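Notes for the one structure printed next.
Everything numeric here is computed off the predicted structure, so don't read it as measured data.
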Amino acid sequence: MSTAADLRREVLACFSDRAAFCGLLDIITKEGKRQKLVLSKAQKRSLRERTLRLIVLKSRQIGQTTLEQALDVHHFITRSGSNTVVVCQSIEGHQPRSTISRRFEIMFEGLERLGVKLDFEQRSESRWVLRHGREPNSVLQIIEAGASKASAQKKGRVDTITRLHLTEMSVWEYADETINALLECVPAPETGSEVVSESTPFGATGKFYEQCQEALSGKSGYEIQFFPWFESAEYAVPLAAGEVASPRTEREKALVELKGVTPEQLKWYHRKLAEKGSQELVDQEYPSDPDTCFLVSGRSFFDAKRVAVMLAEAKPPTRNIEVREAGIAQMR
């Protein structure tokens, strides 16, 4: 029979493995039930393929914010002297901050229920300070992106940041000023510092869009992870006896043939189209590829629906050819 000491040793052994650590944390499911965090296929991929400078372009409700908060907690608890900063949207009522704070508290409660002693020096809605014995304290804090240009420029006054988690940046006001101020506080990645920006898309403009384009083109030091809607196991509806769900458009046909989208997933997708009443809204919140989700918002010279079909049907190039300026001049 396992003793309390045995359980404590098993729990502490998980601290050295981030995937195992995530499994110690409590979350509240979409059904309102408290349970341990069970990593999905998409979350496991994100954890396995991540770098110290990461951009996560995602569909809604796919679990990436939850994963990043679990990693925030891991960084905070396992590294003395660390400073983990989570930045969210600033709105009246502070709902995003309150939601993030509640998730952190539920995660802490899950650890405490397993017998993990968390020696908090401070524990408030937006700031937690943890004692590490004779080692320096660690800090976890939630701050809101600047609601004005002046306040955004002051966001960097939070000391050295060892892990910076930026959530839903696509809807921030004054994102440029906020990010520029905060990044001044983050030391080079060679020190082990982490920066992760995770967001759903919101139009082909703004700081998050620019970050994604730079990462996709290889012009920044950031890697990008993209999570389409069909990578979530939840986005599927069982078919009734004799029911058939078939592609309705060329684009959906391409998703079935090239991406392996199942009839059950198509049924869910058709329901979502009916709910939203707009292909553009579905593409924005439940993207199928990292390009279409940005093209559907705002005015564009090219037809967004036709571009979406062409992107879905696109195949990798057979070869790449570098065209130099001299060659271009000869062609003129």
Side-chain angles (χ1 to χ4, degrees), residues 17-31 35-76 84-89 95-97 99-104 106-107 110 140 142 145 163-172 175 179 194-202 206-209 211-213 215-216 222-236 259 265 268 272 282-294:
D17 181 279
R18 289 189 296 182
F21 178 86
C22 289
L24 301 176
L25 305 176
D26 282 4
I27 63 167
I28 302 298
T29 67
K30 295 177 183 178
E31 296 74 30
Q35 68 174 45
K36 293 300 179 185
L37 173 56
V38 179
L39 295 180
S40 67
K41 182 179 178 181
Q43 289 170 324
K44 290 178 180 177
R45 176 166 77 85
S46 180
L47 193 57
R48 183 175 61 251
E49 299 176 359
R50 70 182 35 240
T51 63
L52 294 175
R53 296 293 184 271
L54 182 65
I55 296 172
V56 179
L57 175 60
K58 61 182 186 177
S59 298
R60 287 179 59 83
Q61 301 293 319
I62 204 167
Q64 293 307 307
T65 301
T66 299
L67 173 62
E68 294 306 330
Q69 284 199 243
L71 298 179
D72 293 334
V73 172
H74 182 266
H75 190 91
F76 169 57
T84 303
V85 176
V86 183
V87 190
C88 64
Q89 182 186 12
Q95 187 270 331
R97 187 185 69 186
T99 299
I100 292 169
S101 177
R102 180 57 183 152
R103 286 177 183 163
F104 278 142
I106 291 168
M107 291 178 178
L140 169 64
I142 307 169
R163 175 174 162 85
L164 179 60
H165 172 192
L166 313 169
T167 181
E168 294 300 341
M169 190 205 303
S170 63
V171 294
W172 292 4
I179 296 303
E194 303 175 36
V195 179
V196 58
S197 175
E198 47 88 6
S199 183
T200 50
F202 192 71
K207 185 65 174 180
F208 183 69
Y209 170 75
Q211 281 192 336
C212 288
Q213 297 310 301
L216 286 168
Y222 288 75
E223 295 294 327
I224 188 167
Q225 293 181 345
F226 172 66
F227 295 95
W229 66 269
F230 49 80
E231 199 164 327
S232 172
E234 295 184 20
Y235 295 158
K259 304 298 183 181
Q265 289 175 308
W268 175 91
K272 189 58 63 175
V282 173
D283 285 339
Q284 181 172 290
E285 298 187 2
Y286 302 94
S288 299
D289 62 79
D291 297 305
T292 304
C293 57
F294 289 115

Applying side-chain contact (heavy atoms from CB on, under 4.5 Å) between R163 and each of L140, T84, L52, V195, report the one that passes. T84
Answer yes or no: is there a side-chain heavy-atom contact under 4.5 Å between R102 and I28? no
E198 CD to I55 CD1 distance, which is reported to the nearest 0.5 Å: 12.0 Å
Between E231 and R45, is there a salt bridge with N-O shorter than 4.0 Å? yes
Heavy atoms of V87 and A145 approach each other most closely as CG1-N, 3.8 Å
D72 versus F104: any side-chain heavy-atom pair under 4.5 Å? yes
Heavy-atom closest contact (P228 atom, S59 atom, distance): C-OG, 3.3 Å
Measuring from W172:CH2 to T167:OG1, what's the distance to the nearest 0.5 Å? 8.0 Å
Please say whether more than 12 non-hydrogen atoms of neighbouring residues, nucleotides or ligands are located less than 6.0 Å from NZ in K36. yes
Would you tell me whether R103 and T99 have side-chain atoms, one donor and one acceptor, within less than 3.5 Å of each other? no
Do you know which two heavy atoms are closest between A70 and M107, and how far apart they sit? N-CE, 3.8 Å
Under the side-chain contact (heavy atoms from CB on, under 4.5 Å) criterion, do F208 and L166 qualify, and how do the steps go? CA-CA 10 Å; F208 183 69; L166 313 169; over 6 Å; no
Which atom pair, heavy atoms only, marks the closest approach of W229 to Y235? O-CD1, 3.1 Å
Please determine whether the number of non-hydrogen atoms from other residues, nucleotides or ligands lying under 6.0 Å from atom NZ of K30 exceeds 12. yes
F230 side, atom CZ; K259 side, atom NZ - distance, nearest 0.5 Å: 5.5 Å
For a quick check under 3.5 Å, do E234 and S232 share a side-chain donor-acceptor pair by atom type? no
Side-chain contact, heavy-atom cut-off 4.5 Å: L67 with S46? yes
CD1-CG distance between I106 and D26, expressed to the nearest 0.5 angstrom: 8.0 Å
Which atoms form the tightest heavy-atom contact between L71 and C22, and what is the distance? CD2-SG, 4.4 Å
Could you walk me through whether K272 and E285 pass the side-chain contact (heavy atoms from CB on, under 4.5 Å) check? CA-CA 10 Å; K272 189 58 63 175; E285 298 187 2; over 6 Å; no
Among R50, H165, Q43, the one residue meeting side-chain hydrogen bond (donor to acceptor under 3.5 Å, both in side chains) with E68: R50
CD (Q64) and OG (S40) are apart, to the nearest 0.5 Å, by 6.5 Å
Looking only at non-hydrogen atoms, find the nearest pair between T200 and R60 and report the distance. CG2-CG, 3.7 Å
Going by the side-chain contact (heavy atoms from CB on, under 4.5 Å) test, name the single residue among E223, E194, Q225 that passes it with T51. E223
Do we see a donor-acceptor contact under 3.5 Å between the side chains of Q69 and T65? no
To the nearest 0.5 Å, what is the distance between CG on L39 and CG on L37? 5.0 Å
Side chain to side chain, F226 and P287, heavy atoms closer than 4.5 Å: yes
So does E168 pair up with K58, basic N to acidic O under 4.0 Å? yes
